[in-house]
Amino acid sequence: MMTETPVPKLIMRLAVPTIISMLVTGLYNMADTYFVAQIPDKGTQATAAVGIVFPMMAVIQALGFMFGHGSGNFLSRMLGAGKKKEASEMASTGFALALLTGLLVLSLGTVFLRPLTEFLASSDVTEETLDLTMQYARIILIGAPFMMCQFVINNQLRFQGAAMYAMVGLLAGAVINVGLDPLLILGFDMGVRGAALATISGQAFSFIILLAGSRRGENIKLHFRNIHINGYYIGQVLNGGFPSLVRQGMAAIATVLLNRAAGEYGQEAAIAGMSIVTRVLMMLSSALIGFGQGYQPVCSFNYGAGKKDRVRQGFWFCLRWGTVFLVVVSAVCILFAPDIVRIFRDEPAVVEVGSAALRYQAATLPLLATTVMINMMLQSIGKGVKASVTASARNGLFFIPAILVLPIFLGLTGVEMAQAVADVCSICLAIPLAASELRKMREV
């Protein structure tokens, strides 16, 4: 299937369930934001609290994606090369590394909860908002091992071609999360604690479903005897997964800086507005990322099998249609920005900040298709250094200077437009890095 099926048909077969999986992941992040905004008299503070904790969740997800993409990329290339023993060992080792790291994050995060939340929040945040932030973060940390391990199994299944079951696992958890949100937040009057409980309940359920799915059919089985935590496998995980850690980790750092700048120049209403925009664009871009992740197993498997022409064909197919999709999304966001923000919080100050930021970021959103597909292609063929550079560009190399410098001269407007500036710079860096690899594949 991976080496003979026409590339566009194969990518779409793998991408549709993967797109749904990524939308589900975005739904996790969106659901809490929507329902906590409905809390009487505390909606803005609760929305800000969830936004403040988001970078911590992004780091947990980043670590999960690192172990998932790192082990998944490697096992897919090994399967393409006919080396099932190495693929099986990597699957179990990647899972074990994620579980141990998740337990470590839970332990350290709980011990240092107060300084952690103070670091994530702006100094202008009120004590009430900080207290809500700690309530939410304390429970989210309990779900860290489940979150990391579910991302590992999900990606390993996806890289084996079992994208449909990977989608079912995440979708099941999302249903639990969204169903429990209104019940716990509003029905039982648990506020942000209810939102956090709903989130980790969904993650735990997804983990159970995905773990069961990893033992079905021809999927690689996880076995204790196949765990080999040594330099070779850790190195392979880092080579294939470090770009994901960089991409997600930089997003977390960027969000911390964004929250701090928004709090300094616009207080809690600005934090709430920027938090809403971050979640909306993450939800929308998750469809593109899911499309690209449908390409990744095709890319890595065929690269391992020596079929470089199929790698290039898939890249251009995804780039073309990804750009078309984002052009449409961009137009909708620019035209209906205030209405989109009001869905979450109908407060004038929040809508004003959120609408401006959404329009700035939507204007450069179509460029994201090029940077994302380049990053995924480089990561899937094992070009870890180049992939890490492109992964760090949008939310790190260019966004961090932009969010630190632009507000000094432009105030709150600089906060709102920083991401758009970073998007323009990122594509200028990514294109040359991809061109050399595409040229090499054409010469083979």
Member of Arg77, Arg310, Lys307 meeting the side chain to side chain donor-acceptor pair (under 3.5 Å) criterion with Asn302: Arg310
Nearest heavy atoms of Met274 and Val415, plus distance in Å: CE-O, 4.1 Å
Least distance between heavy atoms, Asn259 atom then Gly51 atom: ND2-O, 3.2 Å
Aromatic ring pairing Phe207/Phe95, orientation class (parallel under 30°, perpendicular over 60°, tilted between): parallel
Step-by-step side chain to side chain contact (heavy atoms under 4.5 Å, CB included) determination, Leu368 to Arg394: CA-CA 9 Å; Leu368 192 61; Arg394 183 174 187 259; 3.4 Å; yes
From Met148 atom CE to Leu99 atom CG, the distance as rounded to the nearest 0.5 Å: 10.0 Å
Closest non-hydrogen atom pair, Ser380 against Ser300: O-CB, 3.4 Å
Shortest non-hydrogen separation from Ala393 to Ser426 and the atoms involved: C-OG, 3.5 Å
Any side-chain heavy-atom pair of Ile234 and Leu97 under 4.5 Å: yes
Heavy atoms of other groups near Glu86 CD, more than 12 under 6.0 Å: yes
More than 12 heavy atoms from other groups under 6.0 Å of CZ on Phe112: no
Check: Thr101 and Met66 side chains under 4.5 Å, non-hydrogen atoms: no
4.5 Å side-chain heavy-atom contact, Met376 and Phe315: no
Worked check of side chain to side chain contact (heavy atoms under 4.5 Å, CB included) between Phe398 and Val421: CA-CA 8 Å; Phe398 298 118; Val421 172; over 6 Å; no
Over 12 non-hydrogen atoms of neighbours within 6.0 angstrom of NZ in Lys221: yes
Side-chain touch Leu367/Val424, heavy atoms, less than 4.5 angstrom: yes
Under 3.5 Å donor-acceptor, Gln160 side chain and Ile220 backbone: yes
Step-by-step side chain to side chain contact (heavy atoms under 4.5 Å, CB included) determination, Val237 to Phe74: CA-CA 8 Å; Val237 167; Phe74 180 84; over 6 Å; no
Given Val341, Ile276, Val277, the one that forms side chain to side chain contact (heavy atoms under 4.5 Å, CB included) with Ser355: Val341
Closest non-hydrogen atom pair between Gln150 and Leu170, with its separation: OE1-CD2, 3.3 Å
Tyr233 and Met90: CA distance, side-chain angles, deciding distance, side chain to side chain contact (heavy atoms under 4.5 Å, CB included) verdict: CA-CA 7 Å; Tyr233 283 118; Met90 176 56 88; 3.5 Å; yes
Any side-chain heavy-atom pair of Met56 and Thr117 under 4.5 Å: no
Test item: Ile19 and Met167 side chains (from C-beta on) under 4.5 Å apart, heavy atoms: no
4.5 Å side-chain heavy-atom contact, Met78 and Glu89: no
Whether Arg158 side chain and Ala166 backbone form a donor-acceptor pair below 3.5 Å: no
Pairing of Arg342 and Asp339 as salt bridge, 4.0 angstrom limit: yes
Nearest-0.5 Å distance that lies between atom CG in Asn177 and atom CD in Gln203: 7.5 Å
Student check: side-chain heavy atoms of Thr5 and Arg13 closer than 4.5 Å: yes
Shortest non-hydrogen separation from Asn375 to Thr390 and the atoms involved: ND2-OG1, 2.9 Å
